[in-house]
Amino acid sequence: MTATNASQPEQARLFTLILLTALSTATLNLFVPSLVNIAEDLQADYNVVSLSIGVYLAAMTVVQLVVGPLSDKIGRRPVLLGSLVLFTLASAGCAFATDVRVFLAFRMLQSAMVAGYVLSMAMVRDTTNAQNAASRLGYVSMAMAVAPMMGPVLGGFLDSLYGWRSNFYFLILCGVALFIWCWID
């Protein structure tokens, strides 16, 4: 195997870590332009619907505390794949919610996706020597910086074309695609 061919799997794995980080950070605010439409459709107060951001952040904090030790105990892969399944199912729950309480509950469960970011950082540390780790962490961190800026743009575009639920349909597709990608990679 040539040096070029040897680096291709490493690049694919780095791309996977970038995708995981991007989705975990974009999930936070992708739907923000849709908050008014969600409140209207679910016949809820805007302030209650906007709790979906705070609920996500609070649950995200707990997930970060649990994911690291759990992945040390049972392995990175099972925790990551399980988190993707939970995220995808929670996104479906958000998409099909007809009540604001159900929406908020599933929104909280969506925070499982933060495992993508936490485990990406851990996997870089696990698989890369100190010399290359800074470069890889830079790419992963770049995804963490860019995705939150692009999320509301994409979310607003989807909402204006197809309605607020399309944001969560998009997240379902991303969750399924990323699960398959991580299963293979």
CG of Leu171 to CE of Met113: how many Å apart, nearest 0.5 Å? 10.0 Å
Quick one: which of Arg13, Arg136, Arg76 gives a salt bridge (charged side-chain N to carboxylate O under 4.0 Å, His left out) with Asp126? Arg76
To the nearest 0.5 Å, how far apart are OH in Tyr117 and CG in Leu28? 13.5 Å
Rounded to the nearest 0.5 Å, what's the gap from SG on Cys174 to CG on Leu23? Could you check? 5.5 Å
Scanning both residues in full, the closest heavy-atom pair of Ala133 with Val124 reads O-CG1, 4.0 Å
Looking only at heavy atoms, what is the nearest atom pair of Ala115 and Val67, with distance? CB-CG2, 3.8 Å
Interatomic distance, Tyr46 atom OH to Leu35 atom CG [nearest 0.5 angstrom]: 4.5 Å
Heavy-atom donor-acceptor pair, Ser50 side chain to Asn47 backbone, under 3.5 Å: yes
Could you tell me whether the side chain of Ser135 and the main chain of Asn132 form a donor-acceptor pair under 3.5 Å? no
For atom CD of Glu40, decide whether the heavy atoms of other residues, nucleotides or ligands shown that lie under 6.0 angstrom number more than 12. no
I'd like to know if Trp183 and Met123 are part of one continuous hydrophobic network [Ile/Leu/Val/Met/Phe/Trp/Tyr, side-chain heavy atoms within less than 4.5 Å]. yes
Below 4.5 Å, heavy atoms only, C-beta onward: do Leu178 and Thr88 meet side chain to side chain? no
How close do Leu30 and Asn167 get, heavy atom to heavy atom, and via which atoms? CD2-O, 3.7 Å
Check Arg165 against Cys94 and note the closest heavy-atom contact, atom names and distance. NH1-O, 4.2 Å
Apply side chain to side chain contact (heavy atoms under 4.5 Å, CB included) to Phe87 and Phe179, showing your working. CA-CA 10 Å; Phe87 166 76; Phe179 178 87; over 6 Å; no
For the side-chain contact (heavy atoms from CB on, under 4.5 Å) test, which of Leu14, Leu20, Ile18 pairs with Thr16? Leu20
Leu104 and Val48: side chain to side chain contact (heavy atoms under 4.5 Å, CB included), yes or no, with the steps? CA-CA 9 Å; Leu104 290 174; Val48 174; 4.1 Å; yes
Over 12 foreign heavy atoms within 6.0 Å of OH, Tyr169: yes
Evaluate whether atom CZ of Arg101 has more than 12 neighbouring non-hydrogen atoms of other residues, nucleotides or ligands under 6.0 angstrom away. no
If you look at every heavy atom in Gly175 and Leu84, which pair is closest and at what distance? O-CD2, 4.4 Å
Nearest 0.5 Å, what's the SG-CZ distance between Cys182 and Arg77? 8.0 Å
With clusters defined by side-chain heavy atoms of hydrophobic residues (ILVMFWY) lying less than 4.5 Å apart, directly or transitively, does Leu109 cluster with Leu51? no
Honestly curious: do Leu161 and Ile38 fall in one hydrophobic cluster under the side-chain, below-4.5 Å linking rule? yes
Could you walk me through whether Phe168 and Phe103 pass the side chain to side chain contact (heavy atoms under 4.5 Å, CB included) check? CA-CA 11 Å; Phe168 296 98; Phe103 175 77; 3.7 Å; yes
Answer yes if the ring centres of Phe31 and Tyr56 are under 6.0 angstrom apart, and no otherwise. no
Please tell me whether Val102 and Val55 are part of a single hydrophobic cluster in this structure, the criterion being side-chain heavy atoms less than 4.5 Å apart. no
Does Ile172 offer a backbone N or O that forms a donor-acceptor pair with the side chain of Ser91 under 3.5 Å? no
Could you tell me the separation between the CZ atom of Phe96 and the CZ atom of Phe106, rounded to the nearest 0.5 Å? 11.0 Å
Applying a strict under-4.5 Å side-chain criterion to I, L, V, M, F, W and Y, I'd like to know whether Leu86 and Phe170 cluster together. no
Going through the distances and angles, do Val49 and Val100 end up as a side chain to side chain contact (heavy atoms under 4.5 Å, CB included)? CA-CA 7 Å; Val49 173; Val100 71; 3.9 Å; yes
Examine distances only and state if a side-chain atom of Thr128 and a backbone atom of Arg125 form a donor-acceptor pair shorter than 3.5 Å. no
Looking at every heavy atom in both Val114 and Ser24, which two are closest together, and how far apart are they? CA-CB, 3.9 Å
Would you tabulate the side-chain donor-acceptor contacts of residues 144-160 under 3.5 Å, counting partners in other chains and residues two or more places apart, or write 'none'?
from, atom 1, to, atom 2, distance (Å)
Asp159, OD1, Asn37, ND2, 3.2
Asp159, OD1, Trp164, N, 2.9
Asp159, OD2, Asn37, ND2, 2.7
Ser160, OG, Gly156, O, 3.3
Ser160, OG, Phe157, O, 2.9

